[in-house]
Protein chains: 2
Amino acid sequence: MNKPKLSDVAELAGVSLTTVSRVLNNRGYIGDKTRKKVHEAMEELNYYPNEIARSLFISKTYIIGVIFPTTNNPFYGQLIYHLENFCEALGYKVLLCNSGGREDKERAYLEMLQRHQVDGIIAGAHNRGIDTYHRSRMPIVSVDRFLADHIPVVSSDNYRGGELATQHLLERGCKHIFHINGRRSLETPANLRRDAYEETMKKHKMPYKTYVNVDDYSVRMFDENPKIDGVFASDDLIAGSVIREAMKRGINVPGNVKVIGYDGADMTRMLFPDLTTIQQPIEAMAKEAVHLLVKLINEGEKTAVENITLPVELIQGKTT
Amino acid sequence: MNKPKLSDVAELAGVSLTTVSRVLNNRGYIGDKTRKKVHEAMEELNYYPNEIARSLFISKTYIIGVIFPTTNNPFYGQLIYHLENFCEALGYKVLLCNSGGREDKERAYLEMLQRHQVDGIIAGAHNRGIDTYHRSRMPIVSVDRFLADHIPVVSSDNYRGGELATQHLLERGCKHIFHINGRRSLETPANLRRDAYEETMKKHKMPYKTYVNVDDYSVRMFDENPKIDGVFASDDLIAGSVIREAMKRGINVPGNVKVIGYDGADMTRMLFPDLTTIQQPIEAMAKEAVHLLVKLINEGEKTAVENITLPVELIQGKTT
DNA sequence: ACATATATGTCAACCGGTTAACATATATTA
DNA sequence: TAATATATGTTAACCGGTTGACATATATGT
């Protein structure tokens, strides 16, 4: 009761191995009745060609490895959804890797993907310093992360987003605006949001301070700054937790404190439509990443490394 | 500049193919210096064993196909995250398939997974009637969907969940409770939520009506039922859209209408913590599904088909 | 009638590892 | 010293398709 193979099909159809292979790959001349016989045999045997054997021979798997921290997040969940869709449309399959933000896991995944002979990798998980990224000549595109000099980055216009968010809070009359962001050690374009915030505040001669989203950052921020009246959170989840903390303290949003988030993923918009946020073009980012990667796969090192930056948009909600 | 292969390693290390293979697989006797030499050669060449070749020989890929509608959803996003984690912990990789609810895509994916020789499939995408599910002897476990008689289903206690939700609304004093659910044609245990709702209402001699979540169900529900004072939504996103519609009409939640959702995924809880909902044990479901599948893979048809049902929990928010 | 297109078969090499069988050589141990 | 454990090599078959070279036979066109 083993899996049927090509030779079983050939035998049942009463033709040669080569003929079956010709039918499968539409190569050479094949007669109509023969093609039919072969298809019937495949049907009857419930035969599926072994793609592993094929991959081995043609040295190509049509698999793309996708490494991100998690699918359990509105932004990544949506990004990965679109990545998978665009891959599928181009005939590629996706091997999913959730690094959970752990560098050791990421390194292990990277090695696994090489062993599995994936045709390319789309990564948005960690930072440079993982030498595997450097050493490998594997086609890689990163989303929202600097991985290595020769790896192109697809991201949205983070600086412009930070600027938009900060200006928006200023326009709404905020005087004491704070920013929350990840550790700077994570080398991601998201740091540009912070730069934009700080520079915009400086330009307006306003005091500024960035909190790092660790531990009880929300509690500390409110405790340390009684006059706080505006918060630019570097993502929508953080914005949500800031708003929760504010409500817990009886601080009215947007009355006393205005809060703007970042990302504007579909699910966030559905579950928290009132949130003012900077929306990233997630689907477009996925599209660019996949198309660029496939170009790299097909053209090899001829393709010049060029980063892609896409525009963001302010979505006015009721929290500012 | 081709990928280094085993023979390159052997040559550089000055040993035979067999010796390298022995080092890689820890088989037979190997001297310490030889092992070291081989490892150094692998390091120098940046060599990764070709898992495709290995898979072909051992007839096992250690890949599990995962088919769900999308990762762009709090419930599936979290479920898939945990599925991937448990797979990884057991040495399996995940090939991600987003069917987008389309039956043709699902069928295509199913065929692709067979061609790719995956060791098993975890599916929660569609309904029975896809004959591939029937014909294939491939180990399959489904989550929250009836696929075929011989395919075990892992789900939460949907009937109990529906009962809890309905009773909760009744206890909160609702008299005109409506339910929103998917089309019944989708053969999913989620239909039990509807059954529980309808039977519980019947038991309390209350009128009941279930709306199907197509088009403007929310608008219709409010238009047709001025006396509505309670809604049991079959998932949290629907609950969110019901609440939005209520607010649009100036209907206070929970003052005039109480709304309870279903799922209680992490992201929903973060973005909409006020929502009262029935929480499914998503991580536990993923764990059971993966472990059951791996058991099926290892033991083959000896393993009896047995469905797994896990308990749900009412989470009291501020919308009821 | 002859050139060419169409249809199918045979054979063997190949993709990159794995593994069993067997040979050989040194090291250890009873 | 003989028996055994350790260490490494050689050879070849195998996993399941793919492909090129070559042979052969019928069909079609001019």
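Worth knowing before you read on, the calculation uses all heavy atoms, side chains too, and leaves out hydrogens, waters and symmetry mates. Chain letters run A, B, ... following the sequence lines, proteins first, then strands; residues in each count from 1.
Side-chain proximity of A/I58 to the nucleotides C/dA7, D/dT19, C/dA20 is greatest for D/dT19. The side chain of A/T18 approaches C/dC11 more closely than any other nucleotide in the set C/dC11, C/dA21, C/dC14. Closest to the side chain of B/N25, from the set D/dG17, C/dG17, C/dT18, is C/dT18. Listed candidates were D/dG17, D/dC15, C/dA20. Nearest to the side chain of A/Y47 is D/dG17. If you check C/dC15, D/dT19, C/dG17 against the side chain of B/F57, the one that comes closest is C/dG17.
Two residues, B/L17 and B/A53, neighbour DNA chain D, and the one matched to the more 5' nucleotide by heavy-atom proximity is B/L17.
The nearest whole Å value for the distance from the CD atom in B/E11 to the P atom in C/dG16 is 15 Å. Following rounding to the nearest Å, A/K33 (NZ) and C/dA7 (C1') show an atom-to-atom distance of 7 Å. The interatomic distance linking A/I52 (CD1) with D/dC14 (C1') rounds to 16 Å, in whole Å. Between the C1' atom of D/dT6 and the CG atom of B/D32 lies a distance of 11 Å, rounded to the nearest Å. Spacing between atom CG of B/L24 and atom C1' of C/dT18 amounts to 11 Å, rounded to whole angstrom units. Here the C1' atom of nucleotide D/dG16 and the CZ atom of B/R54 are 17 Å apart, to the nearest Å. The nearest whole Å value for the distance from the CD1 atom in A/I30 to the C1' atom in D/dT26 is 17 Å. Nucleotide D/dA7 holds its P atom 13 Å from the CG atom of B/N26, rounded to whole Å.
For the pair B/S21 and C/dT18, the criterion of a side-chain N or O lying under 4.0 Å from OP1 or OP2 is met. For B/R27 and C/dT19, the shortest distance from a side-chain N or O to OP1 or OP2 is below 4.0 Å. Residue B/N50 places no side-chain N or O under 4.0 Å from the OP1 or OP2 atom of C/dC15. In terms of phosphate contacts, A/Y29 brings no side-chain nitrogen or oxygen within less than 4.0 Å of OP1 or OP2 of C/dA7. Between D/dG9 and B/T19, a contact under 4.0 Å exists linking OP1 or OP2 to a side-chain N or O.
Defined by atom type and a distance below 3.5 Å, a donor-acceptor pair is present between the side-chain atoms of A/H116 and B/K93. A donor atom on one side chain and an acceptor atom on the other are found under 3.5 Å apart for A/S156 and A/Q280.
Aromatic ring orientation, A/F68 versus A/Y76: tilted (interplanar angle from 30° to 60°).
Here B/E103 pairs with B/R107 in a salt bridge; the nearest charged N to carboxylate O distance falls below 4.0 Å.
The cationic group of B/K60 lies under 6.0 Å from the six-membered ring centre of B/Y62 and within 45° of the ring axis, placing it in a cation-pi geometry.
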Chi angles and distances behind the side chain to side chain donor-acceptor pair (under 3.5 Å) call for A/T18, A/S21 | CA-CA 5 Å; A/T18 310; A/S21 182; over 6 Å; no
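When Watson-Crick and G-U wobble pairs are counted only if both distances are under 3.5 Å, D/dG29 pairs with C/dC2.
One can find a donor-acceptor pair under 3.5 Å joining the base of D/dG9 and the side-chain atoms of B/R22.
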